[in-house]
There are 2 protein chains.
Amino acid sequence: MRAKKTASHIRQEQIVEAALDIIATEGLHALSIAGIAKRVGIVSSALYRHYNGKEEVLDAVLVFIRKRLMSNVDHVVKETRDPLQRLKRILMRHARMLDENRAIPHVVFSDWIYTGHPERKAKVADIITGYLGIIREIIKEGKNDGTIRPDTDTEAASVMFLGMILPAAVLSNVSEGRFDMVKHAENAWPIFVRCIAKI
Amino acid sequence: MRAKKTASHIRQEQIVEAALDIIATEGLHALSIAGIAKRVGIVSSALYRHYNGKEEVLDAVLVFIRKRLMSNVDHVVKETRDPLQRLKRILMRHARMLDENRAIPHVVFSDWIYTGHPERKAKVADIITGYLGIIREIIKEGKNDGTIRPDTDTEAASVMFLGMILPAAVLSNVSEGRFDMVKHAENAWPIFVRCIAKI
DNA sequence: GTTAATAGTGATTCACTATTCACATTATAG
DNA sequence: CTATAATGTGAATAGTGAATCACTATTAAC
């Protein structure tokens, strides 16, 4: 049966959603135009009315992910001013988000999306370094206001912050979700605090 | 021109080597039978004399990676008995190894190798959890001999240990190698020690 | 040197995927 | 109501990569 005619901006959202869904359940390499179209409920050729090809779909997926990550941070920054509290809440939100949005680690990790596309690789790099930059700023603030030890290597600490969640995502992925990311984040946080907090 | 006839066990090594090479430079998704064969200097159909297909090649690559990882740990365990020293040396070796062997993170991260192959996914899971298990044992020893704080969550700490190197690998990958993994490991270590060491 | 086993080759098949296009249908502005 | 722009459809095309096969060349054992 024929799909109902639907405004392009709606279809665009549906397409990104479907893509994320496929990535989360079957992996990035399983992402096909036909698969996306089927999930949306249209025929593959119809997809080209809304995106000019697979490349554009992937770009849209990246835009979505960046937004999700950044809105995460924005919320927390509004919630509290204390640097350690900010870091903790970002961590916990991040863990929950990756848990619900399993597509994100797939996209960030997979080389599929990179190779032969320097601009796209740069986009992913931007997303990660942008995120890291924010963490770094929070740590700097903490050093200024005396809640974080001044002898902490800011750069290394920010990457280690990522290190609380990133291996957890890999483990959760590899273990068919038997690894509990949120719980790990909860357990890892006090250890991390001990590293950087001024007691 | 015709390739020189070469014993199968030699070709098998060359094939794994070529595969690792391609994965490191172009990513896992770019790994094709034709590509491997070309690099080895034979024609794609000839590859089937040595492996029964792509699956077998990938399995061989996994075996290689597991060996590399484990020999790494074995060396260190022989070098020193002190738990903190062991961890530090494993970390530094690991960083250097990933730096030289860029294919490893690609394989561990990429979903390509997983989806639709539960057994292979399980193998990767085994490699990672095996590695983690060893780290966990070292931490436990440290708790016993008093070099590591007894209130440290062993599980969380071992995953965080991985977290010193894993995000670095992603960053190095995404940034075209502009991120210095070894340097990061050096900077991260004192922070990590502060978390777990009994002062 | 002959022979059997081993390794290499090119052609080909098969399945899968992205993309294009001519045509059909639907929504909506006027 | 109707014209037209937007969206949907199926068929066709082209590219890719894995795998098979009949055949050829080389090696090594006897």
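First the proteins, then the strands, lettered A, B, ... as listed; each starts at 1.
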Among [options], the one nearest [X] by side-chain distance:
X	options	result
A/K5	D/dA5, C/dC23, D/dT27	D/dA5
B/A3	D/dG10, D/dG8, C/dT9	C/dT9
A/S44	D/dG8, C/dT9, C/dT19	C/dT19
A/S32	C/dT9, C/dT17, D/dT7	C/dT17

Check every strand shown and say whether [X] touches a base, only sugar-phosphate, or nothing at a heavy-atom separation below 4.0 Å.
X	result
B/S45	base
A/A46	base
B/L31	sugar-phosphate
B/K54	sugar-phosphate

*In terms of ring plane angle, is the pair B/H184 and B/F179 parallel, tilted or perpendicular, where the classes change at 30° and 60°?*
tilted

*asked:* Would you say A/R2 places a side-chain N or O within less than 4.0 Å of OP1 or OP2 belonging to D/dT7?
replied: no

*According to a strict under-4.0 Å criterion, is B/H50 in side-chain N/O contact with OP1 or OP2 of C/dG8?*
yes

*In whole angstrom, give the distance that lies between atom CD1 of B/I42 and atom P of C/dT9.*
7 Å

*Write down the distance between CD1 (B/I33) and P (D/dA18), rounded to a whole number of angstrom.*
5 Å

*Do other residues, nucleotides or ligands put more than 12 heavy atoms under 6.0 Å from B/E26 CD?*
yes

*Going by atom types alone, do B/Q14 and B/H50 pair a side-chain donor with an acceptor below 3.5 Å?*
no

_Could you report the tightest heavy-atom contact between A/L98 and A/P105, atom names first, then the distance?_
CD2-CD, 3.9 Å

